[in-house]
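A quick write-up on the structure given underneath.
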Amino acid sequence: MASLLETRSAPAIDRASNARGIVAMVVGMGCFVTGDTLIKIIGRDMPIGQIMFFRGLFATLLIGMSVVATGVWRQYRTVLSPLVAWRTLGEIGSTIFFFAGLVRLPFADAAAIGQFTPLAMTAGAALFLMEPVGWRRWLATLAGLIGVLIIIRPGTSAFNWAALLIVVCVLFVALRDLITRQLGPDVPTLLIILVGSFAVTVSGLLVRPFESWIALEGATIAGLALSALSASGGYYGSIVAMRSGEVSVVAPFRYSAIIFALIWAYLLFGEMPDLWAWAGIVIVIGAGLYTVHRERVRRREAGVPALTARPS
């Protein structure tokens, strides 16, 4: 949610605000992982396009009600731009590849590979946005990539080709979030999320001729609706988190997602990462935390105020 941030001169954020941000981030990550867990269960017997359509439909309805209730729909012209279109492409691509990989991979492995996203964004910001990235953060990004390779272990009997789908998903997420950072403060967050959700819904419908959709039972419909609600809760929690506390304090708690993923993987799927996967997970998370630390040090040395949130 980097697009929600701006640099500004403001009073220091107090401990209570940081604590509120941390709690919101942890709750948000728990919601995201719970939604993904439901998709993994449902996706065993359900085509990807059908999942995208029905979960997207429920999410679009939920977000749409919020857009109407808050009145931000009146600013619809702000999302009629090429940048929003490119961001939406990133949203669609990340959803397709994540769902496709999620249903074919051990749950914890898929979640762990996804934690490479912040590091991919660091590299993308340097390569495409010309943002200054020092050698320490480049090394951290390389270390994170090595961690991902340790998790997926290409060329060995442990390799699962579906891991590459999650890697591609990470690239689309990085594209989406880097473009989001370029959107102006006049574009309401809820409208951005609504456009992405609606586009995913339509994309799922467009692949209908190439899939054999199944009849939905009540339990499946309930699972899709709950997954959409969980995803919406995740978005809301992460927004509240980034608007409550300092980024350098709150952002590391994104990695709480892997804890939730490990718990659900063990309880629901009987999965537990092996020693190599554990090593990769530790490297990826460690590299990400170090990158956050170096960003905080860099900003302090440059005399730049802490990043705080801006209103939607």
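Every value quoted in this text rests on a predicted model; they were computed, and no experiment measured them.
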(request) State, without any angle test, whether Ser227 and Arg55 hold a side-chain donor-acceptor pair at a distance under 3.5 Å. (result)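 Present: a donor and an acceptor within the cut-off.
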(message) With no hydrogens and no angle check, just 3.5 Å: does a side-chain donor-acceptor pair link Thr291 and Arg137?
(response)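 No, no side-chain donor-acceptor pair sits under 3.5 Å.
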Find the distance between [atom1] ([X]) and [atom2] ([Y]) and round it off to the nearest 0.5 Å.
X	Y	atom1	atom2	answer
Ile166	Leu105	CD1	CG	5.5 Å
Glu217	Asp45	CD	CG	9.5 Å
Tyr236	Leu190	OH	CG	10.0 Å
Ser203	Ile96	OG	CD1	6.0 Å
Ile48	Glu211	CD1	CD	7.5 Å
Ile113	Phe98	CD1	CZ	10.0 Å

Verify the cluster assignment for [X] and [Y]: are they in a single hydrophobic cluster under the rule of side-chain heavy atoms below 4.5 Å apart?
X	Y	answer
Val133	Leu178	no
Val284	Leu139	no
Val250	Tyr290	no
Leu289	Ile258	yes
Trp276	Val148	no

[atom1]/[X]: more than 12 non-hydrogen atoms of other groups inside 6.0 Å:
X	atom1	result
Phe260	CZ	yes
Trp138	CH2	yes
Tyr76	OH	no
Phe198	CZ	no
Phe58	CZ	yes
Phe128	CZ	no

For a 4.5 angstrom cut-off between non-hydrogen side-chain atoms, does [X] reach [Y]?
X	Y	result
Val84	Leu191	no
Arg44	Val103	no
Phe210	Leu206	no
Gln75	Thr78	yes
Leu164	Phe159	yes
Trp264	Val33	yes
Met29	Phe253	no
Pro118	Met121	no

(request) Considering only NZ, NE, NH1 and NH2 on the basic side and carboxylate oxygens on the acidic side, decide whether Arg153 and Asp109 come within less than 4.0 Å. (result) no
(request) Describe, in one word, how the ring planes of Phe53 and Trp213 are oriented to each other, choosing from parallel (under 30°), tilted (30 to 60°) and perpendicular (over 60°). (result) tilted
Restricting to non-hydrogen atoms, name the atom on [X] and the atom on [Y] that form the minimum distance, rounded to 0.1 Å.
X	Y	value
Lys40	Glu271	CE-OE2, 4.0 Å
Ala257	Gln115	CB-NE2, 4.0 Å
Val68	Trp73	CA-CD1, 3.9 Å
Ala24	Ala241	CB-N, 3.8 Å
Thr141	Ala123	CG2-CB, 4.2 Å
Pro273	Leu262	CG-CD2, 3.5 Å

(message) I'd like to know if the side chain of Ser94 reaches the main chain of Gly90, judged simply by a donor and an acceptor atom lying under 3.5 Å from each other, with no hydrogens or angles considered.
(response) yes
(request) Would you confirm whether Ser197, through its side chain, and Ile193, through its main-chain N or O, come within 3.5 Å as a donor-acceptor pair? (result) no
(request) For the pair Thr37 and Phe269, evaluate side chain to side chain contact (heavy atoms under 4.5 Å, CB included) and give the outcome as yes or no after the intermediate values. (result) CA-CA 10 Å; Thr37 303; Phe269 310 114; 4.1 Å; yes
(request) Have a look at Leu224 and tell me which of Leu38, Ile39, Leu57, Leu229 forms a side chain to side chain contact (heavy atoms under 4.5 Å, CB included) with it. (result) Ile39
(request) Decide side chain to side chain contact (heavy atoms under 4.5 Å, CB included) for Asn160 and Ile152; before the verdict, give the C-alpha distance in whole Å, the side-chain angles of both, and the deciding distance to 0.1 Å. (result) CA-CA 7 Å; Asn160 184 335; Ile152 65 179; over 6 Å; no
(request) Step by step, work out the side chain to side chain contact (heavy atoms under 4.5 Å, CB included) result for Phe97 and Leu171. (result) CA-CA 10 Å; Phe97 284 99; Leu171 298 179; over 6 Å; no
(request) Take Ile221 and Phe54 through the side chain to side chain contact (heavy atoms under 4.5 Å, CB included) test and state the conclusion after the steps. (result) CA-CA 8 Å; Ile221 295 174; Phe54 282 101; over 6 Å; no
